[in-house]
There are 2 protein chains.
Amino acid sequence: MKAYIIANGTFPKKKFLINELKNAPFVIVCDGAIKHIDRLNIRVDVIIGDLDSIDKKLKEKYFKKIVYVPDQMSNDLSKAFYYGLNLGFDEFIILGATGKREDHTLGNISLLLLYTKSCKNIIMKSDYGEFEVVKTPCKISSVKGQQISIFCFDSRIKISSKNLKYPLKELSLPLLASATLNEALEDNFYIRTNKICELLIYKKYL
Amino acid sequence: MKAYIIANGTFPKKKFLINELKNAPFVIVCDGAIKHIDRLNIRVDVIIGDLDSIDKKLKEKYFKKIVYVPDQMSNDLSKAFYYGLNLGFDEFIILGATGKREDHTLGNISLLLLYTKSCKNIIMKSDYGEFEVVKTPCKISSVKGQQISIFCFDSRIKISSKNLKYPLKELSLPLLASATLNEALEDNFYIRTNKICELLIYKKYL
């Protein structure tokens, strides 16, 4: 069961993402991000957060959909994710979680590695590309020529690849920049590591 | 000696950043980012990169300033940084290195931890806030009420703080999200760790 989460970063402009959202089976909106959903006349199921960034008029308009969660120890994205999880959703597409404040962007991307432990599938999309979490060893779908970046948060892991333009051979990644800007040579590529682990894969949209 | 580097992500709009750039002592521009500098009539000293994203007319206009570096194993930001370093600069302000593609954003931010090893001071600024690298233990200047995020790329490090709204007490940060969204209680705050290390500090602009 799939839910969409709309965070309050940069809202996507790409038509295919807006269309995807219009056809979403369930939409959870973080706080102030409701302004975009309202403007586009997209059906919303829940609005969640500490409600510090939602417009007063929209608060009134959507008051039946609002779930107020004031917890200061969690961000709105996490509130939305765990709310969806409790409703029984196990697949998530997150939009609007990047752009604007860079500390939010860094934090939100890293949270995918936490969320993935409790659900089946989670993808974060923006106008530029998408992040997914993979468990090694794995085959990852791609498009020939698509730009690919691999992120590993444990510099002790050694990574090897197949079907990438710049092959990784037992390579550890001391920096997040270490395996960016690669390219898929086929409609899928393979990653294996010296120890089973979770990696963050970024695919730039063509 | 301070140099400004303009990367080809989201160019800043904030007036104080544009003014800072207009008064910059030395400006190194990454490739296609010259379009912003040209538009604002800012003096440029060097344009560097593999020149895959620079407009043809601008290439002709600025041909005397162009340094062509085709190296595929390095990104344009790194080419600009090491070029500046070789010229003798030891302080760097980076603009335009975030926004747009999230893999570039992640990679560029992490590169600060590499660059800091060869220079005196490096700060990455955007319309939203700025990243700096600090070596612990340290006192960090801030503004009372300013939002602060702390990023540590080694989950074995334990961090303590003083003058932050949500104090860290021997806290390790398993995720980049673990110490985001804090707040300075005074015009400076203190960080210490169980082992000397480098941390990335983000200060949101007020």
Side-chain angles (χ1 to χ4, degrees), chain A residues 9-10 50 72-78 81 97-117 124-131 146-156 165-166 173-183 200-205, chain B residues 9-10 50 71-78 81 97-117 124-131 147-156 165-166 173-183 200-205:
Chain A
T10 300
D50 55 10
Q72 277 300 325
M73 297 311 283
S74 173
N75 71 2
D76 286 347
L77 179 61
S78 289
F81 173 76
T98 60
K100 295 186 182 167
R101 283 179 60 171
E102 292 82 2
D103 55 343
H104 284 185
T105 294
L106 276 186
N108 288 346
I109 293 169
S110 76
L111 283 168
L112 292 178
L113 293 162
L114 177 68
Y115 300 161
T116 200
K117 295 183 197 301
M124 185 179 275
K125 300 183 178 188
S126 80
D127 280 336
Y128 303 97
E130 63 183 45
F131 284 102
Q146 187 170 29
Q147 285 198 274
I148 303 291
S149 291
I150 300 164
F151 299 100
C152 177
F153 288 80
D154 182 346
S155 58
R156 291 164 298 184
K165 188 170 176 182
Y166 307 103
L173 309 181
L175 284 174
L176 292 182
S178 304
T180 54
L181 316 187
N182 216 320
E183 190 182 310
L200 212 50
I201 305 291
Y202 186 82
K203 301 175 194 173
K204 181 179 175 286
Y205 293 135
Chain B
T10 299
D50 56 9
D71 179 12
Q72 277 300 324
M73 298 310 283
S74 174
N75 71 3
D76 286 347
L77 179 60
S78 290
F81 173 75
T98 60
K100 296 187 183 166
R101 284 179 59 171
E102 292 83 1
D103 56 342
H104 284 186
T105 294
L106 277 186
N108 287 346
I109 293 168
S110 76
L111 282 168
L112 292 178
L113 294 162
L114 177 67
Y115 300 161
T116 200
K117 294 183 197 302
M124 185 179 276
K125 300 183 178 188
S126 80
D127 280 337
Y128 303 97
E130 63 183 46
F131 284 103
Q147 284 196 275
I148 304 291
S149 292
I150 300 164
F151 299 100
C152 178
F153 289 80
D154 182 345
S155 58
R156 292 165 297 184
K165 188 170 178 182
Y166 308 103
L173 309 180
L175 285 174
L176 292 181
S178 305
T180 54
L181 316 185
N182 217 320
E183 191 182 310
L200 212 51
I201 305 291
Y202 185 81
K203 303 176 193 172
K204 181 179 175 287
Y205 293 134

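Side chains included, hydrogens not; waters and symmetry mates left out as well; all remaining heavy atoms used. Remember, predicted model here, so these are calculated numbers, not experimental data.
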Are B/Glu102 and A/Tyr202 linked by a side-chain donor-acceptor pair shorter than 3.5 Å?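 Indeed, the side chains of B/Glu102 and A/Tyr202 share at least one donor-acceptor pair under 3.5 Å.
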At a heavy-atom distance under 4.5 Å, which candidate from [options] has the highest pair count against chain B?
{"options": "A/Thr98, A/Leu111, A/Leu106", "result": "A/Leu106"}
{"options": "A/Phe151, A/Phe153, A/Phe131", "result": "A/Phe151"}
{"options": "A/Ser178, A/Ser126, A/Ser78, A/Gly99", "result": "A/Ser126"}

Is any side-chain heavy atom of B/Leu176 closer than 4.5 Å to one of A/Ile109?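 Contact flag for A/Ile109/B/Leu176 side chains = no.
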I want to check something: taking the side chain as every heavy atom from C-beta on, are B/Lys100 and A/Asp127 in contact at a cut-off of under 4.5 Å?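 Sidechains of A/Asp127 and B/Lys100: no contact.
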Is there a donor-acceptor contact under 3.5 Å from the side chain of B/Ser110 to the main chain of A/Ala177?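 Looks like yes, one N/O pair under 3.5 Å.
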Please classify the contact between B/Lys204 and chain A as side chain, backbone, both or neither, with a heavy-atom cut-off of under 4.5 Å.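 The side chain, not the backbone.
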So for B/Tyr205, is it side chain, backbone, both, or neither that comes closer than 4.5 Å to the heavy atoms of chain A?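 For B/Tyr205, there is no contact with chain A at all, as no heavy atom is under 4.5 Å.
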Which atom pair, heavy atoms only, marks the closest approach of B/Asp103 to A/Thr180?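 Heavy atoms only, the tightest pair is O-CG2, 4.0 Å.
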